[in-house]
Structures are given as structure tokens and as C-alpha cells.
Colleague: 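Take this structure, written in C-alpha cells, and hold onto it; I'll ask about it next.
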Amino acid sequence: MILIDGKKISLELQSEIAVEVKELIAIGMKQPHLAAILVGDDPASQTYVSSKVKACDNVGFKSTLVRFESSVTEQTLLAKIEELNNNDDIDGYIIQLPLPRHISEQKMIEAIHPNKDVDGFHPVNVGRLVLNLPTYISATPFGIIQLLERYDIPTDGKHCVVIGRSNIVGSPMSILMSKNTTVGNCTVTLCHSHTKNLKEHTLNADIIIAAIGKPNFLTADMVKQGAVIIDVGINRVDDTSLTKGFKLVGDVSFAEVSEKASYITPVPGGVGPMTIASLLKNTLIAAKKLV
Ligand code: NAD
């Protein structure tokens, strides 16, 4: 069994981005610039945004953090989005989700100019993904593709079972794995909460991508010997032995499944760390005007 080290690959990617930024600046390009809109004071969102800003510094990007109180109106946010759309110095930006309930996330996402939508959530970018056109692939699926590529995991002609059909992970993942691309060319089965006899599907899978949100859901009896296991889940489970009172586990029952897997991502340290590297890659793509 080979453990897929997302932390290591994420750092590798960030070093590569840093080198490319230096080269681009040396030939006269401006510093790539990522902005983030953060609404309210949710601790998890603050942590995510500050690690994104820090990562920008590490690779030589400029970053701007725009903060609003949780009472901000849709109108004020839309005005800021318009301003960022028209600011030529900003290559791409994200709106940290979730937003307070009185704000429509979809309305905000649709207001972002698709060329600056480095999270890849705008319907135009999702459409471009489906049509195989240049686009921003959203961070988690992009990260998974990079892991499969960097570990040279064969996908051509394989049967890939994706569990979960969310807009941000499962659905785009199923599309990407079926594409006629180096990492792709799989026969894909997309499973979800209405799938009957899930185990019959997973037992036939060469690659399983679990994005369910249920701790330790995928067990060894559901997995074929030698399967590749990508665990997207991040779930908190109580652990009184730790001072924080909880630990993070994936959707895969790691100890037992790792005994059958050929490759497996751990949680934490697998898919999660790739998210930031993917966002930086998308920002570089934006700065180079490739979308
Ligand atoms: P979601 O809640 O939007 O979707 C979950 C999906 O699981 C649904 O499509 C549902 O149909 C399916 N599902 C639920 N119960 C099922 C069952 N019994 N059998 C088969 N399918 C079932 O979740 P999401 O946003 O896609 O996130 C999934 C998990 O991935 C969560 O734990 C989340 O925290 C994690 N996540 C991690 C990252 C990362 O960077 N590692 C990024 C995004 C999400």
C-alpha cells in the first residue's frame, strides 16, 4: 500500500508556482493578485482565509482580504464584487463560503466575472468544464486530479466509483474522471444517497472517490483488493483523549481499508492540503489569462 502524501505534493506544487512567479515577474509580468471576501467571524472560515493569504505570500502573490460584518447586505456585497470585477490589478478572487443565511450564495457566485472565478463555482465555468473548454476546476477536484497525476496512478479504462454528487466535489469529480485526458478515461459510476446496493458498485471499483461526509463510512468489505482510495471526507468525531475533544476522520475506515488498498489518501494530510495549492494554481492561470 502506498500512502498518498497530500501535504508533500501541495508543498511541491507551491514551490513550482513560486519559481514560475519569479520567472514571469523577471520577464515583466505583474505580480499575480488573489483577493478574498470574508463575511462574518466564523472561526473555520477565518482560518481557511488566513491560510490562503499566507500561501499567497509564500509563492510571491499579492493578496487582498476584504472583510464585512455578518450583517452586510446583498447590495453592499454585490457592489464590492462589481468593484473587484473591474479592478485590473486583481487576477482572481474568492468569496469564502458559507455566507450568512440572508445572503444568496448563488446570486453572489453568479455576480463574479467568470474569468476571475478562481474557485470555479460560476455556472459558466462549470459549463466550460463539461464542454472540455479552458476553465477553473474547483479546488478539491483539481487537487485530486493532481494527486493521481503526481503519483502516476493509472486511470485509463479503469472503473471509478464516485460516492457523493455535490456541486463542489462529487459531480465535477465524476465528469473529470470520465474525460478523455491523461488523468481520466475512466468508466465512471456516480453513487449517492439514493443508490441501491452501493457495495455492489464499490466492490467493482478500481478507484473509489468518497465524498459523503459520514465518518468511516467505507469499510473493507466494500472494497476490492488493490483498489485506489481517495478519501475526501473531513468529519469531526469525539475523542476525549485529546485536549480539543475531537479528532478528524475521513469517510473511509482507514485502518481496515488501507490493508486492501494499493494507494490511499489519509485524513488529515491527503486531499485537504491540496485545496490551497489548487487555488494558487488557478490564480496563476488567471494571471496568465489562460481562461
Ligand atoms: P454534501 O453533503 O454536499 O454531499 C454528500 C453527498 O453524499 C451527497 O451527494 C449524498 O447523496 C451522498 N451520500 C450521503 N449519504 C450517502 C449514502 N449513505 N450512500 C451514498 N451516498 C451518500 O458533501 P460535500 O460538500 O461533497 O462534502 C463531502 C465530504 O467531503 C464532507 O465530509 C466534507 O467536509 C468533505 N470535504 C472535504 C474537502 C477537502 O478539501 N478535503 C472539500 C470539500 C468537502
Side-chain angles (χ1 to χ4, degrees), residues 3-11 13-14 42-45 47-52 55 94-99 105-106 109 118-121 126 129 136-148 160-177 188-205 208-219 221-223 229-238 246-254 257 264-282:
L3 195 68
I4 299 178
D5 188 343
K7 227 171 170 175
K8 185 180 117 213
I9 300 293
S10 175
L11 290 174
L13 280 165
Q14 291 182 51
D42 174 59
S45 292
T47 309
Y48 291 141
V49 168
S50 58
S51 38
K52 288 168 187 173
I94 58 159
I95 304 173
Q96 185 64 44
L97 302 178
L99 292 172
E105 290 185 355
Q106 196 55 32
I109 288 168
V118 285
D119 256 341
F121 292 158
V126 178
L129 176 83
Y136 302 110
I137 303 170
S138 57
T140 305
F142 194 14
I144 294 169
I145 295 292
Q146 311 258 344
L147 287 177
L148 293 169
C160 175
V161 169
V162 179
I163 319 175
R165 57 179 165 188
S166 70
N167 289 344
I168 60 163
V169 191
S171 291
M173 215 49 242
S174 68
I175 294 165
L176 289 165
M177 295 305 285
V188 176
T189 304
L190 179 58
C191 298
H192 46 74
S193 53
H194 289 240
T195 299
K196 302 252 189 299
N197 307 321
L198 178 67
K199 190 173 160 180
E200 276 177 23
H201 298 289
T202 55
L203 274 175
N204 267 316
I208 300 177
I209 301 173
I212 312 154
K214 292 194 170 156
N216 305 317
F217 179 87
L218 190 81
T219 45
D221 60 311
M222 299 169 79
V223 174
I229 308 292
I230 306 293
D231 188 354
V232 186
I234 302 176
N235 308 291
R236 274 186 184 200
V237 293
D238 293 343
F246 69 88
K247 64 175 178 179
L248 294 179
V249 300
D251 289 344
V252 176
S253 193
F254 183 86
V257 173
I264 187 166
T265 59
V267 176
V271 174
M274 294 298 292
T275 309
I276 286 183
S278 303
L279 177 66
L280 297 173
K281 269 209 142 209
N282 276 344

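We count ligands from 1, going down the list as the structure has it; atoms in each ligand are counted the same way.
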Colleague: Taking side chain to side chain donor-acceptor pair (under 3.5 Å) as the test, write out the residues that go with Gln106, two or more places apart.
Modeller: Glu110
Colleague: Quick one: does Thr275's side chain get under 4.5 Å of Lys52's, heavy atoms only?
Modeller: no
Colleague: Is the side chain of Asp42 donor-acceptor paired with the backbone N or O of Ser45 at a distance under 3.5 Å, no angle test?
Modeller: yes
Colleague: How would you list, by chain and number, every residue that makes a side chain to side chain donor-acceptor pair (under 3.5 Å) with Lys214, sequence neighbours excluded?
Modeller: none
Colleague: Tabulate below the donor-acceptor pairs under 3.5 Å that side-chain atoms of residues 163-173 make, not counting sequence neighbours, or state none.
Modeller:
residue: Arg165; atom: NH1; partner: His192; partner atom: ND1; Å: 3.4
residue: Ser166; atom: OG; partner: Val169; partner atom: N; Å: 3.1
residue: Ser171; atom: OG; partner: Arg165; partner atom: O; Å: 3.0

Colleague: If you count only heavy atoms, which residues are under 4.0 Å from ligand 1?
Modeller: Thr140, Ile163, Gly164, Arg165, Ser166, Ile168, Val169, His192, Ser193, Ala211, Ile212, Gly213, Lys214, Phe217, Val232, Gly233, Ile234, Asn235, Val271, Gly272, Thr275
Colleague: Give a yes or no on whether the backbone of Val252 and the side-chain of Asp231 come within a donor-acceptor separation of less than 3.5 Å.
Modeller: yes
